[in-house]
Amino acid sequence: MKKSFVIGQISDTHFVNKNEKLFDKFDTHTRFVNTIKTCNELRKIPDFYIISGDLIHDNEIFYIEFFKLCEDLNKPVYTMMGNHDKRNALRKYLKSDLIDEHGYLNYSINNYPAEIICLDTAIENNIEGTISETSMRWLEKKLSKSRNKPIIIFMHHPPIEIGSVLFDHIKCNNGDEFIKLISKYQNVKEVIFGHVHCFFDKIINGIKFSSCPSASIQYPIDAKSDKNIQLDTKGYFKIIDYDQGKISTKHVSINN
């Protein structure tokens, strides 16, 4: 097993079909095409990609074109549930080992020197998130079995408040329970989430919590209201570089 690897994390693409626009304003189809192109032009191509929720925007028909475009990444692509995804439809595109016995998209990637855990936090058709009771038990079993490897956890909803009027009330609603659990395991190194469309990081109990900004649009973290909000139309993805026990991250701006 090699001692280093690179993850490319893409989040909150809110993909719609060609000739449609998100909120009748944002061309997220072209942005996803450009995201893939930018990924393929990286000097150091990731070993695999995690797309951490809100793959599409509400309409499951969008998955057809979305997954067709994912093939152009030419690397394994692991997808996760977001609040705008459709679990039953999304499951049709996934291998069975990426779906737990209760139908949630809970899985781990364990053929690297760090264990990657992808946790389903979505309540379908509800904007806030939660970790179901069965998912919490699933996570605890995974953590207990992987005490000898560094662990990075990906989830869509943040388990903490980030100081955003727009997003703090729609985070993962049992994040405190989640943090209490993972804090028992010193090998949990990072928790990375999407959902919030902005840049954020914080250390809690020695664990780094950070966001992956949206590949499509960003919301200002310091906005005081959702009225007349000024959105940043730049898109980004995240690179997580694991090298002999050290984890470094950076954000890459998507070329238009």
Side-chain angles (χ1 to χ4, degrees), residues 9-16 22-23 28 50-63 66-67 78-108 116-143 152-182 188 191-198 200 204 209-217 219 221 226:
Q9 183 186 8
I10 301 166
S11 199
D12 296 271
T13 48
H14 292 268
F15 182 84
V16 299
L22 178 68
F23 309 136
T28 59
I50 292 175
I51 308 183
S52 52
D54 285 355
L55 284 56
I56 52 95
H57 194 80
D58 294 341
N59 189 341
E60 63 188 61
I61 197 72
F62 297 154
Y63 284 131
F66 179 87
F67 279 99
Y78 296 91
T79 54
M80 298 176 62
M81 270 290 295
N83 48 287
H84 287 280
D85 288 301
K86 303 298 178 184
R87 191 177 277 109
N88 286 339
L90 182 52
R91 281 193 295 234
K92 297 174 185 176
Y93 294 87
L94 305 183
K95 296 178 180 178
S96 60
D97 60 351
L98 303 182
I99 305 166
D100 74 12
E101 61 180 322
H102 300 281
Y104 291 103
L105 276 60
N106 291 317
Y107 57 89
S108 65
I116 310 302
I117 293 177
C118 294
L119 188 61
D120 190 335
T121 62
I123 308 169
E124 196 166 352
N125 301 318
N126 194 322
I127 198 167
E128 70 173 4
T130 196
I131 303 168
S132 70
E133 186 177 337
T134 61
S135 293
M136 198 73 80
R137 288 200 300 266
W138 176 90
L139 174 62
E140 187 167 14
K141 287 179 182 177
K142 283 290 179 186
L143 294 174
I152 304 172
I153 299 175
F154 290 85
M155 56 202 302
H156 182 69
H157 295 83
I160 56 174
E161 292 187 352
I162 65 166
S164 168
V165 169
L166 305 178
F167 288 97
D168 281 350
H169 65 293
I170 53 171
K171 62 181 177 61
C172 178
N173 60 25
N174 56 348
D176 289 347
E177 182 184 355
F178 166 78
I179 292 172
K180 184 178 180 180
L181 172 60
I182 66 171
V188 176
V191 174
I192 308 175
F193 48 84
H195 190 53
V196 296
H197 291 249
C198 66
F200 174 86
I204 302 174
F209 290 75
S210 69
S211 66
C212 178
S214 167
S216 293
I217 50 175
Y219 285 76
I221 192 171
D226 60 359

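The shown structure was predicted, so the numbers you read here are calculated from the model rather than taken from an experiment.
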Spell out, as yes or no, whether a donor-acceptor pair under 3.5 Å connects the side chain of H157 to the backbone of I127. yes
Indicate the atoms forming the closest heavy-atom contact of A215 with I10, along with that distance. CB-CG2, 4.0 Å
For T13, check side-chain hydrogen bond (donor to acceptor under 3.5 Å, both in side chains) against everything at least two apart and list the hits. none
Are the side chains of T79 and Y93 in contact, using a 4.5 Å heavy-atom criterion? no
Partners meeting salt bridge (Lys or Arg N to Asp or Glu O under 4.0 Å) with R137 (sequence neighbours left out): E133
Please identify which of these residues, I182, I152, L119, meets the side chain to side chain contact (heavy atoms under 4.5 Å, CB included) condition with V191. I182
Can you tell me if N174 uses its side chain to pair, donor with acceptor, with the backbone of I131 under 3.5 Å? yes
Measuring only between side-chain heavy atoms, which start at C-beta, is L166 closer than 4.5 Å to H197? no
Would a 4.5 Å heavy-atom cut-off, applied to side chains only, mark W138 and H102 as touching? no
Nearest heavy-atom approach of N106 to S135 is ND2-OG, 2.8 Å
Heavy-atom side-chain proximity of M136 to L181 below 4.5 angstrom: yes
State, yes or no, whether a side-chain contact exists between F178 and I153 at a heavy-atom distance under 4.5 Å. yes
Going by side-chain contact (heavy atoms from CB on, under 4.5 Å), name the residues that satisfy it together with F23, two or more places apart in sequence or in a different chain. F26, H57, I217, Y219
Quick one: side-chain contact (heavy atoms from CB on, under 4.5 Å) partners of D168, sequence neighbours excluded? E161, I162, S164
Value rounded to 0.5 Å, distance of CD1 in I50 from SG in C118: 4.0 Å
With sequence neighbours left out, write down each residue that passes salt bridge (Lys or Arg N to Asp or Glu O under 4.0 Å) with D120, or none if nothing qualifies. R87
Nearest 0.5 angstrom please: L94 CG to F67 CZ, how far? 5.5 Å
Which residues pass the side-chain hydrogen bond (donor to acceptor under 3.5 Å, both in side chains) test with H84, sequence neighbours left out? D58
When every non-hydrogen atom of Y107 is compared with those of M80, the smallest separation belongs to OH-CG, 3.7 Å
So which atom in A89 and which in E60 form the shortest heavy-atom distance, rounded to 0.1 Å? CB-CB, 3.6 Å
Closer than 3.5 angstrom, by distance alone: can the side chain of S52 be matched with the main-chain N or O of G194 as a donor-acceptor pair? no
Which pair of non-hydrogen atoms, one from S11 and one from C212, has the smallest distance, and what is that distance? CB-SG, 3.9 Å
Tested for side chain to side chain donor-acceptor pair (under 3.5 Å) against H156, the lone hit among D85, N83, T121 is N83
For F66, give me all partners under ring-ring contact (aromatic ring centres under 6.0 Å, His included), at least two apart in sequence or on another chain. F15, F32
Restricting to side-chain contact (heavy atoms from CB on, under 4.5 Å), what partner residues turn up for S108, sequence neighbours left out? N110, E115, I117, K142
With sequence neighbours excluded, what pairs up with S211 under the side-chain hydrogen bond (donor to acceptor under 3.5 Å, both in side chains) test? none
Between P158 and V196, the two heavy atoms sitting closest are CG-CG1, 3.7 Å
Examine distances only and state if a side-chain atom of T28 and a backbone atom of H14 form a donor-acceptor pair shorter than 3.5 Å. yes
Among all residues two or more places apart in sequence or in another chain, which pass the side-chain contact (heavy atoms from CB on, under 4.5 Å) test with I204? I160, I179, K202, F209
Tell me, please, which residues at least two apart from N88 pass side-chain hydrogen bond (donor to acceptor under 3.5 Å, both in side chains). R91
Can a donor-acceptor pair be found between the side chains of K86 and N59 at a distance below 3.5 Å? no
